[in-house]
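Remarks on the structure that follows.
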Protein chains: 2
Amino acid sequence: MVADDLFKALADPTRRTILDELTQKSGQTLFEICARLSMKHQLGISRQGVSQHLAVLEAAGLVETRREGRYKFHDLNTAPLRRIADRWLAPHPSGPEENTP
Amino acid sequence: MVADDLFKALADPTRRTILDELTQKSGQTLFEICARLSMKHQLGISRQGVSQHLAVLEAAGLVETRREGRYKFHDLNTAPLRRIADRWLAPHPSGPEENTP
DNA sequence: TTGATAGGCAAGTGACTGCTTGCCTATCCT
DNA sequence: AGGATAGGCAAGCAGTCACTTGCCTATCAA
């Protein structure tokens, strides 16, 4: 389920802060994001923790990555965000989501 | 944290289905929502489960309630939804969310 | 080639969460 | 009054999640 990945990704405050950082400066590496979370947000989190958060954001389609040599750059993709509110702003004839987990 | 309640509320698929139902028909009671989840969505969930979900949605500001006698009606409030995407669509000078849990 | 840098994989742990069950209160209808 | 209906409170349980630790691979610079 696509919507599920999206909302689950947004549910964590650290992931939302990562999106904030990528909004300010796109194309950051893992270490760069780690440094910013630590410096600007006083987030004492390990590199692995950030890496796992980025994986969740990528699975949700909110972050796209490109490799260059040993560097992996992370870019923001706001497309999924813009469709969130639309779902509940107008009545739908049928439920847009199957809910059988 | 307001944003935290909002995103946590949206993280659960059952709660999103409840929002779908309230979009279709506003002002439903707890039992009415229970019946619709069971009939239309094959969700085998207890009344307490639905009640707890509604409490979370109300804490997030997505649902507002009004009592009339022994009935409690639930109405949708889409205002918080419309501000979600805005956060990451334009760069912010400083982080809009404190992240010190 | 050696060391340093950037990142990945996997297992373990503590906390949170969704859900149930059991019991209780309040309102309405005969 | 008495039963039925609508809803609330609280404890308990199982599954999920965020995070850490330890080790491994790949690229670059000397």
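The basis for the numbers below is simple: all heavy atoms, side chains too, and nothing from hydrogens, waters or symmetry mates. Because the structure is a prediction, the values reported are computed rather than measured. Convention: sequence-line order gives letters A, B, ...; per-chain numbering from 1.
Between A/Ser46 and B/Glu32, it is B/Glu32 whose nearest contact on DNA chain D lies nearer the 5' terminus.
In this structure, OG1 on A/Thr17 lies 7.0 Å from CG on A/Leu37, to the nearest 0.5 angstrom. Expressed to the nearest 0.5 Å, how far NZ of A/Lys40 lies from CD of A/Glu21 amounts to 3.5 Å. With rounding to the nearest 0.5 angstrom, the CG atom of A/Leu43 is 8.5 Å from the CD1 atom of A/Ile18. Between A/His74 atom NE2 and A/Glu64 atom CD the span is 12.0 Å, to the nearest 0.5 Å. In this structure, CZ on A/Arg83 lies 9.0 Å from CG on A/Leu6, to the nearest 0.5 angstrom. Atom CG of A/Leu22 sits about 10.0 Å away from atom CG of A/Leu62, to the nearest 0.5 Å.
With rounding to whole Å, A/Asp5 atom CG is found 14 Å from D/dC17 atom C1'. Atom CZ in A/Phe31 sits about 16 Å away from atom P in D/dT27, given to the nearest Å. At whole-Å resolution of the value, CD in A/Gln48 and C1' in C/dC9 are 8 Å apart. As rounded to whole Å, 18 Å separates atom P of D/dA26 from atom CG of A/Leu30. Between A/Ile33 atom CD1 and C/dG7 atom C1' there is a gap of 12 Å when expressed in whole angstrom units. Atom C1' of nucleotide D/dA18 and atom CG of A/Leu54 are separated by 14 Å, given to the nearest angstrom. As a whole-Å value, the separation of A/Arg47 CZ from D/dG22 P is 13 Å.
Its side chain within the 4.5 Å cluster rule, A/Phe73 clusters with A/Tyr71 among the Ile, Leu, Val, Met, Phe, Trp and Tyr residues.
Remark: B/Arg67, B/Arg70, B/Tyr71, B/Lys72 in residues 65-77 of chain B come within less than 4.0 Å of DNA chain D through at least one heavy atom.
Nearest heavy-atom pair, B/Asp5 versus B/Ala60, reported as atom, atom and distance to 0.1 Å: O-CB, 3.5 Å.
Using a 3.5 Å distance cut-off with no hydrogens or angles, the side chains of B/Thr78 and B/Arg82 do pair a donor with an acceptor.
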Please list each protein N or O that sits under 3.5 Å from an N or O in nucleotides 11-18 of chain C, with the distance.
residue, atom, partner, partner atom, Å
C/dG18, OP1, B/Arg15, NH2, 3.0

